[in-house]
Amino acid sequence: MSGVAKTKGPGDDVPVSGDLVALSGVNKHFGALHVLQDIDLTIARGEVVVVIGPSGSGKSTLCRTINRLETIDSGAISIDGKPLPQEGRELARLRADVGMVFQSFNLFAHKTVLENVMLGQLKVRRTEKKAAEEKARALLDRVGVGSQCDKYPAQLSGGQQQRVAIARALAMDPKVILFDEPTSALDPEMINEVLEVMQQLARDGMTMVVVTHEMGFARSAANRVVFMADGRIVEEAAPEEFFSNPRSDRAKDFLSKILHH
Ligand SMILES: Nc1ncnc2c1ncn2[C@@H]1O[C@H](COP(=O)(O)OP(=O)(O)OP(=O)(O)O)[C@@H](O)[C@H]1O
């Protein structure tokens, strides 16, 4: 990782780097478990980084630290050159720049699809109602659920709900979107419709961090694959290089298990 020096503690100033997201010396424990160990990671504007690794290796936790859904014990994180504090108003501002799409779609059950996508714009961005509605409708069209605006989440398939969740994230004009196993809760026939929306976002130049077990997506959409094991980044490489020539025994072992599954 170039240009980002390590700092002393959480929330300390991070030197400005050209990267959109920069993690430097990040450590995190859950009790005795050292779940993130000296993580250095930078993500450039427009880059699609896919994070893979065995279950329990810390991938979700890594994702969740980037917008401070989890605090860190030491190290520093910056978004677009600004240090991410542990709390306060500046945290809320920076967090609004980081979209998040979870495994479980987390839509508001008692609000319509349209209202779900308008909400963040109205409450956080303070967008005027008419403009928020126009934008929400356009985004719902873009992800292919424009005809479902007046329905409630429970009336939609899982794949449709996840596409609404993507529209909701996009409505905030995020600088980066984090996807934490976005297709893991979906029935197999719905996985592709969500991956296709994500592929399109990648082609449109959206900066994305994607935790997934979908190796086809990693191969075709990632600029870089980050392989984690036991709380560490073991190796990172372009997908063609990683999948054809993994360097570490851990990655070789992981790939042989999932590819022959
Ligand atoms: N809130 C928490 N409290 C305690 N331990 C946790 C918590 N969240 C995660 N862990 C533990 O931290 C480790 C890493 O979890 P994490 O979900 O980040 O892994 P992962 O690589 O995303 O796994 P998976 O692929 O199974 O989703 C696991 O051992 C998990 O049990």
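These values consider heavy atoms only, across backbone and side chains, with no hydrogens, waters or symmetry-generated copies. Order of appearance sets the numbers: ligands from 1, and atoms from 1 within every ligand.
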Handout entry: Positive for side-chain contact (heavy atoms from CB on, under 4.5 Å) with R68, one of V98, I79, L84
Key =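 When V98, I79, L84 are each tested with R68, the side-chain contact (heavy atoms from CB on, under 4.5 Å) holds only for L84.
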
Handout entry: Residues forming a salt bridge (charged side-chain N to carboxylate O under 4.0 Å, His left out) with R137, sequence neighbours excluded
Key =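 Salt bridge (charged side-chain N to carboxylate O under 4.0 Å, His left out) check on R137 returns E133.
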
Handout entry: Pair R247 + E241, salt bridge at N-O below 4.0 Å
Key =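 A salt bridge is present here (some side-chain N lies under 4.0 Å from a carboxylate O).
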
Exercise for the section: Can you sort out the partners of E90 under side chain to side chain donor-acceptor pair (under 3.5 Å), two or more places apart, ordered by chain and number? Expected result: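 Per chain and number, E90 pairs via side chain to side chain donor-acceptor pair (under 3.5 Å) with R93.
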
Practice task
Show your working on salt bridge (charged side-chain N to carboxylate O under 4.0 Å, His left out) between R125 and D97 and close with a plain yes or no.
Solution key: CA-CA 10 Å; R125 295 290 191 213; D97 288 337; 3.3 Å; yes

Problem - For ligand 1, the residues whose heavy atoms come within less than 4.0 Å (ordered by chain, then number) - result: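 Contacting ligand 1 under 4.0 Å are F30, L33, V35, P54, S55, G56, S57, G58, K59, S60, T61, E181, H213.
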
Side-chain donor-acceptor distances from residues 183-190 under 3.5 Å, at least two apart:
| residue | atom | partner | partner atom | Å |
| --- | --- | --- | --- | --- |
| S184 | OG | E181 | OE1 | 2.9 |

